[in-house]
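Only one structure is covered here, and it is reproduced in the block below.
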Amino acid sequence: MELGLVGRTAFITGGGGGIGRATGAILAGEGANVALIDISTEALEAARAEIEAASPDARVWTGLCDVTNKESVASAFLNAAEELAPCDILVNNAGFSRDKYMLKMSEDDWDDVHNVVLKAAFHCCRAVLPGMMERNWGRIINMSSMAYHGTKGQTNYSAAKAGLIGMTNALAREAGAFNITANAIAPGLVATPRLKARPDYQKLEQKSLSLTPMPRLAVPEDIAKAVLFFASNLADLVSAQTVAVTGGR
């Protein structure tokens with residue numbers, strides 16, 4: 001089935017991580033140009049090699065960027081557009097958690113998580129929206145989390161991910177007249193390489209499995225498939241939506 005992605009250009013923040021890498025691979029496999037944006041050269045090089053091995057004809061660009069800094073975003077996005085094409089599909093995937101109970105959480109713990117999860121999405125959306133509006137087409141896909149419901153020990157992360165959903169819904173209503181959709185994805189626990197490296201991974205896995213109807217954790221490719229749907233022509237009239245990818249949890 002033709003999904004309408006051939007020749008489209010996707011910018012993916014956090015592109016060197018597990019979900020970003022899987023997203024780049026699945027979009028490249030459908031004929032999209034892919035710009036991977038991250039703060040780690042090593043992660044970007046590994047992601048690019050993996051995508052090009054799977055899709056030898058893919059056009060892949062990688063660039064270092066501090067997504068919390070609007071000048072860094074502007075520079076990276078300009079370079080990506082010059083190398084590939086202007087952004088048609090923005091995947092705001094950059095993010096991390098810094099878990100502590102609120103009374104033990106520093107102001108920096110709060111600000112750092114919000115800056116990467118929420119403020120960075122603001123910078124990235126503002127960078128691509130004028131071009132999308134001019135071309136009268138665009139897809140914005142924000143990576144939230146089931147933590148938006150509120151998770152003990154994650155007040156910073158939960159608040160940022162909930163804010164991202166609110167921003168997504170508001171943006172969908174602002175940009176809809178320009179044929180731009182905005183949607184969010186809320187994964188549960190995802191078995192990324194970073195998660196598997198945690199010393200408490202097995203404990204987290206068993207707890208999640210005990211609460212999940214389906215008999216496994218999500219893997220990055222499961223999240224990438226949801227991105228693919230929102231980016232494709234299957235979702236032409238789907239906007240202001242949040243899809244949970246959790247195995248029914």
Side-chain angles (χ1 to χ4, degrees), residues 1-38 40 43-65 67 73 76-77 79-95 120-121 124-125 127-129 131-132 135 137-144 168 179-187 190 192-193 218-239 241-243 245:
M1 178 184 292
E2 171 55 50
L3 298 179
L5 294 174
V6 175
R8 296 289 189 189
T9 299
F11 289 11
I12 304 166
T13 69
I19 293 174
R21 191 178 301 191
T23 297
I26 201 167
L27 293 178
E30 293 295 333
N33 309 316
V34 174
L36 303 175
I37 296 155
D38 206 297
S40 168
L44 285 171
E45 289 176 351
R48 179 171 188 161
E50 184 176 307
I51 292 169
E52 290 180 339
S55 301
D57 295 330
R59 296 182 65 206
V60 183
W61 178 90
T62 60
L64 292 172
C65 178
V67 290
V73 169
F77 281 26
N79 291 337
E82 289 178 345
E83 181 69 21
L84 297 175
C87 179
D88 299 305
I89 302 157
L90 172 64
V91 184
N92 283 311
N93 174 63
C124 294
C125 288
V128 303
L129 275 169
M132 289 181 175
R135 295 187 300 278
W137 199 94
R139 300 281 195 266
I140 293 174
I141 303 160
N142 293 324
M143 199 62 63
S144 184
T168 301
N179 200 33
I180 298 167
T181 65
N183 292 287
I185 297 168
V190 182
T192 62
V219 293
E221 289 73 17
D222 293 312
I223 315 306
K225 290 172 185 176
V227 175
L228 177 65
F229 168 71
F230 281 137
S232 76
N233 58 19
L234 298 176
D236 280 344
L237 204 63
V238 179
S239 197
Q241 302 301 307
T242 299
V243 63
V245 184

Would you call [X] and [Y] a side-chain contact if the rule is heavy atoms closer than 4.5 Å?
X    : Y    : answer
L129 : L90  : no
M143 : P187 : yes
N183 : V243 : no
I141 : I89  : yes
I140 : T168 : no
D88  : R135 : yes

If every non-hydrogen atom of [X] is compared with every non-hydrogen atom of [Y], which pair is closest and at what distance?
X    : Y    : result
C124 : F77  : SG-CZ, 3.7 Å
E221 : A22  : N-CB, 4.0 Å
P220 : G18  : CB-O, 3.4 Å
A43  : R21  : O-NH2, 3.6 Å
G16  : D38  : N-OD2, 2.8 Å
A218 : I223 : CB-CD1, 4.4 Å

Quick check: does any side chain N or O of [X] sit under 3.5 Å from a backbone N or O of [Y], one acting as donor and the other as acceptor?
X    : Y    : result
N79  : A76  : no
Q241 : S239 : yes
T23  : A224 : no
N93  : T13  : yes

Could you measure the distance from the [atom1] atom of [X] to the [atom2] atom of [Y]? Nearest 0.5 Å is fine.
X    : Y    : atom1 : atom2 : result
E30  : S55  : CD    : OG    : 9.0 Å
L228 : L234 : CG    : CG    : 8.0 Å
N33  : C87  : CG    : SG    : 11.0 Å
L237 : N233 : CG    : CG    : 12.5 Å
I185 : N92  : CD1   : CG    : 11.0 Å

Partners meeting salt bridge (Lys or Arg N to Asp or Glu O under 4.0 Å) with E83 (sequence neighbours left out):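 Counting only residues at least two positions away or on another chain, E83 forms no salt bridge (Lys or Arg N to Asp or Glu O under 4.0 Å).
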
Pair listing, side chain to side chain donor-acceptor pair (under 3.5 Å) test, anchored in residues 56-65, at least two apart:
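Residue pairs with at least one partner in residues 56-65: there are none.
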
Residues V227, I12; criterion side-chain contact (heavy atoms from CB on, under 4.5 Å); working and verdict: CA-CA 11 Å; V227 175; I12 304 166; over 6 Å; no

